[in-house]
Amino acid sequence: MSWLYLTEAGAKLGLREGRYVISRENETMAEVPSEMVEGVTLIDAIQVSSKVIVDCLKRNIPVTWLSTEGKFFGRLESTSDRDVIQVKEQFDMLQDGTFCLNLGRMVIFRKIYNQRAVLRSYNRRTGLEDVKEAYNRIRILADKLHKAKTIEEVMGYEGAISRIYFKALSSFLPSEFQFEKRSRRPPKDFFNSMLSFGYTLLMYDFYSAITRTGLSPYIGFLHALRKGHPALASDLMEPWRAAIVDSFCLSLVTHHEIDKDCFVRNDDNGGVYLNRVGRRIFIQAYERKLRSVNSYFDGKYSWRHTIQMECDSYRQALHTKNPETLKALVIR
């Protein structure tokens with residue numbers, strides 16, 4: 001199965017004789033059998049034919065539109081999986097403060113565990129004292145997490161730990177990629193640009209998996225509900241940020257697959273973003289990662305299938321009212 005990413009401005013996506021056809025200026029660039037496509041992401045000004053739209057709706061293939069800077073514009077998706085009874089369960093769950101707190105503590109603890117695992121793995125080669133100190137400070141704060149009495153306290157610990165973590169993470173980077181702190185909307189440096197773009201791609205992988213369960217991506221248990229924000233996708237992807245995106249971005253930089261020439265600065269907002277070449281390299285590497293196999297969930301599955309398994313387990317956690325049913329990712 002394939003996930004299509006179209007990043008060339010002016011490209012067209014059409015359907016011909018059971019194949020998705022990607023063209024530009026009347027020249028065919030690629031063809032993919034339609035039955036092999038499981039999702040489509042469009043970046044920049046891409047034209048999509050009505051035949052493709054109808055085919056995607058019929059076969060429940062999500063189509064996501066992003067700007068060149070990673071801003072989410074919207075999605076085309078079928079409503080066939082919508083289940084109002086399950087959505088009602090999500091709203092009912094919001095009234096159960098104990099359930100939400102226990103689930104939130106578990107998800108954030110596993111996020112922190114994965115952050116420490118990334119630092120520990122990279123520091124085996126470098127042995128930096130500052131990273132060892134950061135690792136210990138994170139452990140001390142993480143040990144206090146189980147005492148948090150509210151979601152606000154949980155997120156307070158998460159924020160404090162993330163500041164320590166990202167400062168330590170920067171120590172592993174070449175000098176031109178090092179950064180002071182996590183910056184968003186807009187990202188202010190090369191590495192933050194990569195993190196932001198990676199988190200966006202990961203979020204909408206979770207979004208797609210959640211919708212396939214019949215749940216609403218907008219009703220979470222950890223992040224505050226707000227207009228236009230898929231809170232549940234943000235919640236469930238928390239342990240995956242370090243495990244997938246951060247380590248993946250580190251690998252791209254340290255193996256010199258991406259360099260400073262892969263970025264452009266927006267003079268209007270001062271943000272730094274991947275350019276066309278950089279996005280292509282990043283997306284190809286991201287897809288290789290998501291299609292690669294892991295064995296964290298009692299078997300060998302692709303990372304994208306593992307995302308679906310985690311979202312399915314969250315649906316079961318709702319039904320059983322048991323937070324332990326959620327299979328939140330923990331790496332070794």
Under 3.5 Å, is there a donor-acceptor pair linking the side chains of D130 and S171? no
So W240 and L202, side-chain contact (heavy atoms from CB on, under 4.5 Å) or not? Walk me through it. CA-CA 8 Å; W240 291 67; L202 182 63; 3.7 Å; yes
Considering only heavy atoms from C-beta outward, does the side chain of L6 approach that of Y20 to under 4.5 Å? no
Pair Q308, D312: side-chain N/O donor-acceptor within cut-off below 3.5 Å: yes
Closest approach of Y122 to S251 (non-hydrogen atoms, all atoms of both residues): OH-N, 3.7 Å
Checking S121 side chain against A117 main chain: does a donor-acceptor pair fall under 3.5 Å? no
Tightest non-hydrogen contact, residues L13 and V52, listed as O-CG2, 3.6 Å
T64 OG1 to D205 CG distance, which is reported to the nearest 0.5 Å: 8.5 Å
Are M36 and L57 linked, directly or through intermediate hydrophobic residues, by side-chain heavy-atom contacts shorter than 4.5 Å (ILVMFWY only)? yes
Could you tell me the separation between the CZ atom of R110 and the NZ atom of K327, rounded to the nearest 0.5 Å? 11.0 Å
Can R163 be said to sit on top of F166's aromatic six-ring, NZ or CZ under 6.0 Å from centre and within 45° of the ring axis? no
Closest non-hydrogen contact found for F99 with L318 is CE2-CD2, 4.3 Å
Specify whether Y286 and F282 have parallel, tilted or perpendicular ring planes, treating 30° as the upper limit for parallel and 60° as the lower limit for perpendicular. parallel
Look at E89 together with R315 and state whether they make a salt bridge at an N to O cut-off of under 4.0 Å. no
Determine, for Y135 and R116, whether the Lys NZ or Arg CZ falls below 6.0 Å from the six-membered ring centre while staying within 45 degrees of the axis. yes
Take L215 and I210, measure what side-chain contact (heavy atoms from CB on, under 4.5 Å) needs, and give me the verdict at the end. CA-CA 6 Å; L215 298 174; I210 291 166; 3.9 Å; yes
Please determine if K51 and D55 form a salt bridge, counting it only when a charged side-chain N lies under 4.0 Å from a carboxylate O. no
On the 0 to 90° scale, with breaks at 30° and 60°, tag the F72-Y204 ring pair as parallel, tilted or perpendicular. parallel
Would you kindly confirm whether V264 and F179 end up in one hydrophobic cluster when ILVMFWY residues are joined by side chain heavy atoms under 4.5 Å apart? no
Any salt bridge linking K132 with E129? Criterion: basic side-chain nitrogen under 4.0 Å from a carboxylate oxygen. yes
Any side-chain heavy-atom pair from K147 and E153 closer than 4.5 angstrom? no
When you look at CZ of F91, are more than 12 heavy atoms from neighbouring residues, nucleotides or ligands closer to it than 6.0 Å? no
Answer with yes or no whether the side chains of S162 and E158 bring together a donor and an acceptor at under 3.5 Å. yes
Is there a path from I53 to V63 through hydrophobic residues (I, L, V, M, F, W, Y) whose side chains come within less than 4.5 Å of each other? yes
Within a reach of under 6.0 Å around NZ of K188, are more than 12 heavy atoms found that belong to other residues, nucleotides or ligands? yes
Could you check if a side-chain atom of I112 sits within less than 4.5 angstrom of a side-chain atom of L145, using non-hydrogen atoms only? yes
On a heavy-atom basis, the closest approach of F177 and F191 is O-CB, 3.5 Å
Report yes if some heavy atom in the side chain of Y199 is under 4.5 Å from a heavy atom in the side chain of M237; otherwise report no. yes
So do R291 and W303 actually touch side chain to side chain, heavy atoms under 4.5 Å? no
Residue R75 excluded, over 12 heavy atoms near CZ under 6.0 Å: yes
Less than 4.5 Å apart, any side-chain heavy atom of V40 and any of Y5? no
Is I140 reachable from Y157 through a run of I, L, V, M, F, W or Y residues, each pair having side-chain heavy atoms under 4.5 Å apart? no
Y165 vs D246, side chain to side chain donor-acceptor pair (under 3.5 Å): CA-CA, chis, key distance, verdict: CA-CA 11 Å; Y165 163 75; D246 300 359; 2.7 Å; yes
The test is side-chain contact (heavy atoms from CB on, under 4.5 Å); show your working for V131 and L169 and say whether it passes. CA-CA 8 Å; V131 174; L169 194 70; over 6 Å; no
Supply the atom-to-atom distance W65 CH2 to T41 OG1, rounded to the nearest 0.5 angstrom. 10.5 Å
Closest approach of G220 and L225, non-hydrogen atoms and distance? N-CD2, 3.7 Å
Please examine the side chains of F190 and I258, heavy atoms only from C-beta on, and report whether any two atoms are closer than 4.5 Å. no
Do R182 and S196 get their side chains close enough for a donor-acceptor pair, meaning under 3.5 Å? yes
Within 6.0 Å of CD in E176, more than 12 heavy atoms from elsewhere: yes
For the pair Q115 and L119, evaluate side-chain contact (heavy atoms from CB on, under 4.5 Å) and give the outcome as yes or no after the intermediate values. CA-CA 6 Å; Q115 288 175 327; L119 295 181; 5.8 Å; no
Measuring from atom OG of S234 to atom OH of Y207, what distance do you get when rounded to the nearest 0.5 angstrom? 11.5 Å
Count I, L, V, M, F, W, Y as connected when their side-chain heavy atoms are under 4.5 Å apart, and connections chain through other members. Are I61 and V54 then in the same cluster? no
Less than 4.5 Å apart, side chain to side chain, heavy atoms only: is that true for F197 and Y273? no
Separation of I164 CD1 from R137 CZ (nearest 0.5 Å): 4.0 Å
Can you check whether A30's main-chain N or O pairs, donor with acceptor, with T28's side chain at less than 3.5 Å? no
Nearest-0.5 Å distance that lies between atom CG in L42 and atom OG in S67: 12.5 Å
Can you name the nearest heavy-atom pair linking S313 to T325, along with the distance? CB-O, 3.5 Å
Does NZ in K321 sit with more than 12 non-hydrogen atoms of other residues, nucleotides or ligands closer than 6.0 Å? yes
Got a donor-acceptor contact below 3.5 angstrom from the R279 side chain to the L274 backbone? yes
Judged by modelled atom types alone, do N192 and R184 share a side-chain donor-acceptor pair under 3.5 Å? no
How about R120: does its CZ atom have over 12 heavy atoms from other parts shown lying under 6.0 Å from it? yes
